[in-house]
Amino acid sequence: MFHDAVSRLGAAPLITYYDADSRIELSGTTFANWVMKTANLFDDLGGDADEPLSLGLAETAPGHWVSLVWAAAAWFAGAEVRPGVADAAAFAVVGPDDPRRGRVTVACSLHPLGRGFPQPPADATDYAEVLAQPDAALPGAPDGEGAAWPGVTNAERDRVAPRRDRRLFRDPVAGWDFLAEALVAPVLGGGSSVIVAGLDDGEVGRISASERVS
């Protein structure tokens, strides 16, 4: 169900991300394109649906739009997502200041426009290589009872209550509850999420009013 929902996303806003330096809005269509490109990069680098993806970004930048794209891309490819970077991880995705590495590692600059590093990251692929990938991909075929997240099956992910509202999330912490409400629920229901990181009460209030969150 999640795979089909990603493929059907349209032009309405899905994820709007704010931090001290930027406001990035991704429509459903744009988000889906990033997901397809990222799933293709995962495949090209040897990602295996039978091995979990270690998402370091889920710990260090859980609300960043790149972290959400990677979670959706892993599921689209049929892989489980695990927060953090496990010892001897097969495939790891980390932020710009995270020294942890897996057998294969993708490092993300978290540049507002998805640009890469000025210098190539050590022992890792620059996520900016995703821009050369096609924005169409065939989804994997995950078993409904296979894992989407530690303790959460694909079937349980697909049963997250869909939502159609526009909701604000402030300084989210890593965990399934955030991912389910900020990503899975609006993808399934046609809603959207405004995610704010590192801003003060006044700025959050202004954003809440301007974005017309529920």
Side-chain angles (χ1 to χ4, degrees), residues 2 6 13-26 28 30-32 34-35 38-39 41-42 52-77 79-86 89 91-102 105-114 121 124 127 130 147-152 154 156-157 160-161 163 165-188 191-201 203-204 207-208 211 213:
F2 183 84
V6 168
L14 175 68
I15 302 294
T16 305
Y17 175 78
Y18 284 86
D19 60 21
D21 301 316
S22 62
R23 174 191 184 274
I24 302 297
E25 181 174 281
L26 279 70
T30 301
F31 183 84
W34 277 99
V35 168
T38 303
L41 180 66
F42 176 74
L53 181 147
S54 287
L55 189 57
L57 286 179
E59 288 182 336
T60 60
H64 199 282
W65 63 270
V66 172
S67 184
L68 301 184
V69 164
W70 267 105
W75 293 333
F76 201 83
E80 177 189 359
V81 177
R82 292 184 183 173
V85 177
F91 198 109
V93 178
V94 299
D97 301 316
D98 193 336
R100 296 177 293 180
R101 296 291 186 263
T105 304
V106 176
C108 306
S109 71
L110 304 185
H111 186 280
L113 300 179
Y127 180 52
V130 76
W149 184 267
V152 180
N154 291 311
E156 290 169 331
R157 175 201 62 203
V160 168
R163 63 175 179 83
D165 62 348
R166 186 161 174 79
R167 192 172 301 179
L168 186 143
F169 299 84
R170 181 180 184 183
D171 295 325
V173 296
W176 173 249
D177 289 345
F178 165 69
L179 202 59
E181 286 301 309
L183 175 61
V184 179
V187 166
L188 295 179
S192 63
S193 296
V194 177
I195 302 169
V196 181
L199 301 182
D200 63 29
D201 291 346
E203 290 170 312
V204 172
I207 290 169
S208 180
E211 296 288 351
V213 296

Just by distance, do the side chain of [X] and the backbone of [Y] share a donor-acceptor pair under 3.5 Å?
X    : Y    : answer
S109 : H111 : yes
E203 : D200 : yes
R166 : E211 : yes

For residues R170 and S208, is any side-chain donor paired with an opposing acceptor at under 3.5 Å?
no
Which atom pair, heavy atoms only, marks the closest approach of [X] to [Y]?
X    : Y    : value
P112 : W65  : O-CZ2, 3.8 Å
R100 : G84  : NH1-CA, 4.0 Å
A39  : A73  : N-CB, 3.7 Å
A92  : V85  : CB-CG1, 4.0 Å
A182 : R163 : CA-NH2, 4.1 Å
V93  : C108 : CG1-SG, 3.7 Å

Please examine the side chains of [Y] and [X], heavy atoms only from C-beta on, and report whether any two atoms are closer than 4.5 Å.
X    : Y    : value
D165 : V213 : no
V81  : R157 : no
W75  : V35  : no
T16  : S192 : no
L183 : S193 : no
V173 : F178 : no
L57  : L110 : yes
V130 : W34  : yes

Return the [atom1] to [atom2] distance between [X] and [Y], rounded to the nearest 0.5 Å.
X    : Y    : atom1 : atom2 : value
W149 : E80  : CH2   : CD    : 9.5 Å
Y127 : L41  : OH    : CG    : 7.5 Å
W70  : F42  : CH2   : CZ    : 7.5 Å
Y18  : L199 : OH    : CG    : 9.5 Å

Classify the ring geometry between Y17 and H64 as parallel (under 30°), tilted (30 to 60°) or perpendicular (over 60°).
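The arrangement is tilted - the two ring planes meet at 30° to 60°.
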What residue among I195, L55, T60 forms side chain to side chain contact (heavy atoms under 4.5 Å, CB included) with S67?
L55
